[in-house]
There are 2 protein chains.
Amino acid sequence: MTETITRDLRPRPRAEERPPKRAEASRQQILDVAASLFRARGYTETSLRDIGAQVGMKAGSLYYHFASKEELAAEVLRIGVQRVHEAVASAVAGLGPEAPMKARIEAAIAAHLETLLVESDYTSAHIRCFPYVPPSLKTELSQARRDYETVWRGLLDEASAAKALAPGIDPEVARLAILGALNWSLEWFDPARGRPEELIRTMVAAFTR
Amino acid sequence: MTETITRDLRPRPRAEERPPKRAEASRQQILDVAASLFRARGYTETSLRDIGAQVGMKAGSLYYHFASKEELAAEVLRIGVQRVHEAVASAVAGLGPEAPMKARIEAAIAAHLETLLVESDYTSAHIRCFPYVPPSLKTELSQARRDYETVWRGLLDEASAAKALAPGIDPEVARLAILGALNWSLEWFDPARGRPEELIRTMVAAFTR
DNA sequence: GTCTATAGCAAGATAGAC
DNA sequence: GTCTATCTTGCTATAGAC
């Protein structure tokens, strides 16, 4: 008898793993707005009041979903690096194992740039804010950043071994130069004035042969 | 008689143009410390209290020398762009009118990088902080930035006309790519691990022929 | 889940003593 | 010229009502 009652009152087994839809929707909306504002204004320049206002919430209410501003930023920036990592890895993999190195590098450049400039506020927020977030958050993100770096290192080392890089170019310096040029485009690229194709073409022409 | 007295009491003609040395020294020290902190931490992340502490002054005392944080930053960032402008222009001019385009571009890259990474906290503060300063300050700096841009535009247009750029490279896109790669080096370059020569060589190899 | 209200703090800036 | 003291504002974060 006790058994039956207990069973009836107990919440469903997966209760903690399946949060109600409303909370999940709010959380998602907060992340989206935070990514957009972090991208546009920067980490320190964006207040929880700003984020709340665009979500239609008071600043204090955000703490139901995130323990702190830093934790919210951690989630945004972590998603940002994961997205560009996945986009680049799958663009390169999608070419198949026989694709020439020049095509692989072009695909990686195009995917990074497309994700950064067009696809994802999360990725652009990561690129723009990372240098300015608290050190603890930098540490938290360092592994995911290294994982993404590894993709590029492998690509450029392979290209170098296959003589697919322009002559006299060290693959590690090329990696830093290419990603620097791409990331800096956040500061000047205007989506209203065209897509990133021109920059892609220029970078491929400069660094591959 | 009145005439004589008046003349005696009047401050020396150049009084306003020659401020006492002590004020000038303090002002200079404030600018140096501000440049260093803006470079290392960012504009918003640096407080007037931080600057005062390193100068050996209270935050309020800074207002004897500058009307506001924004005006202090304006002076730092203005000096920063002027310095890199002068360094690049004179490095290129120093090669003489007969120098090949490839050498001129290499000199410009080297001078920009050397000023940014080694020579001047003012320049690195400008590059790091500009995207995050108040809009009014951006407007105030826009002319000096355009003046510097003009140097690079002239250089790359000339190089393009002389067929000195690598094939398939548009000079305006090359300018944005080159300066992006150089400016982004602020985020990864470690002066303890060597000078910027490797990056200079890579950029010249990639963009010129 | 979101609100109101507020604690607690740090920022930029100002006034007047010295 | 610099200090002390303080004003005002805005921020992150918390507590408790609903």
Side-chain angles (χ1 to χ4, degrees), chain A residues 11 15-34 37-38 40-77 125 129 132-137 140, chain B residues 11 15-34 37-38 40-77 125 129 132-137 140:
Chain A
E16 309 102 37
E17 297 154 31
R18 280 208 210 171
K21 279 191 176 174
R22 185 174 163 204
E24 195 50 37
S26 284
R27 187 187 152 88
Q28 191 54 56
Q29 205 192 347
I30 292 166
L31 287 167
D32 287 349
V33 167
L37 288 176
F38 287 158
R41 301 186 195 172
Y43 174 73
T44 318
E45 294 78 4
T46 300
S47 73
L48 295 176
R49 284 175 167 87
D50 293 335
I51 296 169
Q54 284 207 14
V55 174
M57 235 182 228
K58 295 298 176 180
S61 308
L62 301 176
Y63 285 84
Y64 178 80
H65 303 279
F66 299 93
S68 64
K69 182 184 182 182
E70 188 174 330
E71 199 183 87
L72 167 56
E75 184 81 359
V76 170
L77 270 57
C129 295
Y132 304 93
V133 299
S136 54
L137 184 41
E140 200 181 328
Chain B
E16 309 103 38
E17 296 155 30
R18 281 208 208 170
K21 278 190 175 174
R22 186 175 164 202
E24 194 51 36
S26 284
R27 187 187 152 89
Q28 190 55 54
Q29 206 192 346
I30 293 166
L31 286 167
D32 286 349
V33 167
L37 288 176
F38 286 158
R41 301 187 195 170
Y43 174 74
T44 318
E45 294 78 5
T46 300
S47 73
L48 295 177
R49 286 173 168 83
D50 294 335
I51 296 170
Q54 284 208 14
V55 174
M57 234 182 230
K58 296 298 176 181
S61 308
L62 300 176
Y63 285 84
Y64 178 80
H65 303 279
F66 299 93
S68 66
K69 182 185 184 183
E70 188 175 330
E71 199 184 86
L72 167 56
E75 184 81 0
V76 170
L77 270 58
C129 296
Y132 303 93
V133 299
S136 54
L137 184 42
E140 200 180 328

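Just so we're on the same page: letters track the sequence lines, and every chain starts at 1. This is a predicted model, so every value here is computed, not measured.
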> Near DNA chain D, under 4.0 Å by heavy atom, which residues of residues 61-77 of chain B?
Replying inline: S61(B), Y64(B), H65(B)

>> Tell me which residues in residues 42-60 of chain A lie within less than 4.0 Å of DNA chain C, going by non-hydrogen atoms.
In response: G56(A), M57(A), K58(A)

> To the nearest 0.5 Å, what is the distance between CG (L37(B)) and CG (D32(B))?
Replying inline: 11.0 Å

> Out of curiosity, S61(A) OG to L48(A) CG, how far, rounded to the nearest 0.5 Å?
Replying inline: 11.0 Å

>> Does anything in residues 57-76 of chain A form a ring pair (Phe, Tyr, Trp, His ring centres under 6.0 Å)? List the pairs, not counting sequence neighbours.
In response: none

> What residues form a side-chain hydrogen bond (donor to acceptor under 3.5 Å, both in side chains) with E70(B), not counting sequence neighbours?
Replying inline: S136(B)

> With sequence neighbours left out, what residues match E75(B) under salt bridge (charged side-chain N to carboxylate O under 4.0 Å, His left out)?
Replying inline: R27(B), R78(B)

> Going by the side chain to side chain donor-acceptor pair (under 3.5 Å) test, which pairs reach into residues 42-54 of chain A, not counting sequence neighbours?
Replying inline: R41(A)-D50(A), T44(A)-E45(B), E45(A)-T44(B), S47(A)-D50(A)

> Does any pair with a residue in residues 58-68 of chain B pass salt bridge (charged side-chain N to carboxylate O under 4.0 Å, His left out), and if so which ones, sequence neighbours excluded?
Replying inline: none

>> I'd like to check the side-chain hydrogen bond (donor to acceptor under 3.5 Å, both in side chains) partners of S26(A); sequence neighbours left out, ordered by chain and number.
In response: none

>> Under 4.0 Å, heavy atom to any atom of DNA chain D: which of residues 25-32 of chain A qualify?
In response: none

> Partners of A34(B) by side chain to side chain contact (heavy atoms under 4.5 Å, CB included), sequence neighbours excluded?
Replying inline: F38(B), I51(B), L72(B), V76(B)

>> My understanding is that only residues two or more places apart in sequence, or in another chain, count here; which of them pass side-chain hydrogen bond (donor to acceptor under 3.5 Å, both in side chains) with S68(B)?
In response: none

